[in-house]
K.L.:
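Following this message is one structure expressed as structure tokens.
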Amino acid sequence: IAGFFFLIGGILQTAAQPPSLSMIYGGRVLAGFGVGVVSTTAPIFVAECSPKKLRGVMMGAFEMFLVSGGMLAYWSVYGCSLHLSPTSKQWRTPLSLQIILAVFVMAGSLITCESPRWLAKQGSWDEATKALCSLRGASEGDVEIVEELAEMKAQIDEEIALTNGRRIREMLKVRNLQRLLWGVSVAFFTMWCGHNAILVSAYFFLQNYYPNSRPRGISRSPDISLSITDPQCLSKSASHRRTPHCWPAESSLASNSFPQ
């Protein structure tokens, strides 16, 4: 579903007819909805399917993949502005790239097995066992599979016991509402603190540093994205011992910080 919205949004943006921006706006909304669904469900799916020994690493890599995608988008726009003539192809080409990514999302969702934990929570334990064996490359009788299924069952039973008889109106109680508002506020102000606006408008800011060189200004934009991610990674490693997860951020930041 998310891939479908992503695909339709990409097609609308690519097929936009200037000077009207209606198709750009409509496509952006649809593509944004699809990307939002993917960016929310993908980490949950990875957490449910990954082995517990690798779960932290795979979840920690999500932010770096996100930032790397932004850097790829910047360089794609830069390459098109450098090598394509100043016609509609110059902006249609980078916008059309999201159509390819949407096709990958849709195709991947068709060939990827369902989450074993989700299947188990629906009571489909036979299908959950088959999905887990497929993900681990093991057979049903392996100790790893038996232990993981037992842990999964214990967790699901505990969740059901804790949430049995609960109602949505309980969220409106003072203490629960406070917890809900704290969690929502963190996500809300993370997106509204202005870092996205800085990244999108980075070219105009960087013109002050490179007034006579448009390509260099654009190529510096990924540095901002990586430099924002890097302190986050360092703060996490200091409190949660996640130093190994910062190595990709450090190397990427260093490689993009040399003078050009």
K.L.:
How about Cys80 and Trp91: do any of their side-chain heavy atoms sit closer than 4.5 Å?
P.N.:
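No, every pair of side-chain atoms sits at 4.5 Å or beyond.
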K.L.:
Has the side chain of Thr93 got a donor or acceptor atom that lies under 3.5 Å from a matching backbone atom of Gln90?
P.N.:
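Side chain of Thr93 to backbone of Gln90: no pair is present.
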K.L.:
Sequence neighbours excluded, which residues qualify as salt bridge (Lys or Arg N to Asp or Glu O under 4.0 Å) partners of Lys153?
P.N.:
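With neighbours one apart ignored, the set is Asp157.
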K.L.:
For a quick test of reading the model, state the closest non-hydrogen atom pair linking Ser50 to Met58 and the distance between them.
P.N.:
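Heavy-atom minimum between the residues: CB-SD, 3.3 Å.
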K.L.:
State plainly whether one hydrophobic cluster holds both Leu97 and Phe104, where clusters connect Ile, Leu, Val, Met, Phe, Trp and Tyr through side-chain heavy atoms under 4.5 angstrom apart.
P.N.:
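Looking at the clustering, Phe104 is in the same group as Leu97.
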K.L.:
Quick check for you: to the nearest 0.5 Å, what is the distance between Ile99 atom CD1 and Phe6 atom CZ?
P.N.:
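That separation rounds to 9.5 Å.
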K.L.:
Will you find, in the side chains of Asp142 and Ser139, an N or O donor that is under 3.5 Å from an N or O acceptor?
P.N.:
yes
K.L.:
Taking the side chain as every heavy atom from C-beta outward, state whether Ser39 and Leu66 have any atom pair closer than 4.5 Å.
P.N.:
no
K.L.:
For Gln98 and Leu95, indicate whether the former's side chain and the latter's backbone hold a donor-acceptor pair under 3.5 Å.
P.N.:
yes
K.L.:
Using 4.0 Å as the upper bound for N to carboxylate O, is an ion pair formed by Glu159 and Arg117?
P.N.:
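Yes, charged N to carboxylate O under 4.0 Å.
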K.L.:
Identify the two heavy atoms, one from Pro116 and one from Cys49, that lie closest to each other, and give their separation to 0.1 Å.
P.N.:
CD-SG, 3.8 Å
K.L.:
Treating Ile, Leu, Val, Met, Phe, Trp and Tyr as nodes and any side-chain heavy-atom pair under 4.5 angstrom as an edge, say whether Val38 and Leu101 lie in one connected cluster.
P.N.:
no
K.L.:
Find out whether Ile1 and Val37 are in side-chain contact, i.e. whether some heavy atom of one side chain is under 4.5 Å from a heavy atom of the other.
P.N.:
no
K.L.:
Please report the shortest heavy-atom distance between Val77 and Pro94, naming the atom on each side.
P.N.:
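Nearest pair, atom of Val77 first, then Pro94: CG2-CB, 4.1 Å.
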K.L.:
What residues, two or more places apart in sequence or in another chain, satisfy side chain to side chain contact (heavy atoms under 4.5 Å, CB included) together with Arg28?
P.N.:
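Listed in chain order: Gln13, Ala31.
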K.L.:
Which pair of heavy atoms, one from Leu12 and one from Gly26, lies closest together, and at what distance?
P.N.:
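Closest pair (atom of Leu12, atom of Gly26, distance): CD1-C, 4.5 Å.
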K.L.:
NZ of Lys173 to CZ of Arg179: how many Å apart, nearest 0.5 Å?
P.N.:
11.0 Å
K.L.:
Please report the interatomic distance OG(Ser96) to NZ(Lys89), rounded to the nearest 0.5 Å.
P.N.:
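Between atom OG of Ser96 and atom NZ of Lys89 there are 11.5 Å.
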K.L.:
Working to the nearest 0.5 Å, report the span between CE of Met59 and CD1 of Ile44.
P.N.:
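The CD1 atom of Ile44 is 8.0 Å from CE of Met59, to the nearest 0.5 Å.
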K.L.:
Any heavy-atom pair between the side chains of Phe62 and Phe65 that's under 4.5 Å?
P.N.:
no
K.L.:
Please name the pair of heavy atoms, one in Glu140 and one in Val146, separated by the smallest distance, quoted to 0.1 Å.
P.N.:
O-CG2, 3.8 Å
K.L.:
Do Met23 and Phe4 land in one hydrophobic cluster if side-chain heavy atoms of ILVMFWY residues count as linked below 4.5 Å?
P.N.:
yes
K.L.:
Output yes when a side-chain donor or acceptor of Glu127 lies under 3.5 Å from a complementary backbone atom of Trp125, and no otherwise.
P.N.:
no
K.L.:
Using side-chain heavy atoms (C-beta onward) and a distance below 4.5 Å, is Phe45 in contact with Thr41?
P.N.:
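Side-chain contact under 4.5 Å: no.
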K.L.:
Short question: side chain of Thr40, backbone of Gly36 - any donor-acceptor pair under 3.5 Å?
P.N.:
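Yes: the side chain of Thr40 pairs with the backbone of Gly36.
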K.L.:
Would you say Met106 and Val103 make side-chain contact, with heavy atoms under 4.5 Å?
P.N.:
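Met106 does not reach Val103 side chain to side chain.
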K.L.:
When rounded to the nearest 0.5 angstrom, what is the spacing between CD1 in Ile24 and CD in Gln17?
P.N.:
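If we round to the nearest 0.5 Å, Ile24:CD1 and Gln17:CD are 10.0 Å apart.
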K.L.:
Just wondering, do Leu149 and Ile145 contact through their side chains at under 4.5 Å, heavy atoms?
P.N.:
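When only atoms from C-beta onward are counted, Leu149 and Ile145 do touch, with a gap below 4.5 Å.
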K.L.:
Looking at Ala128 and Ala120, what are the two nearest heavy atoms and their distance?
P.N.:
CB-N, 3.8 Å
K.L.:
Judged by atom type as modelled, is there a donor-acceptor pair below 3.5 Å linking the side chain of Arg92 to the main-chain atoms of Thr87?
P.N.:
no
K.L.:
Quick check for you: to the nearest 0.5 Å, what is the distance between Trp75 atom CH2 and Leu72 atom CG?
P.N.:
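Spacing of CH2 (Trp75) from CG (Leu72) equals 11.0 Å.
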K.L.:
With heavy-atom distances below 4.5 Å as the criterion, would you say the side chains of Ile160 and Ile156 are in contact?
P.N.:
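Touching, per the 4.5 Å side-chain cut-off.
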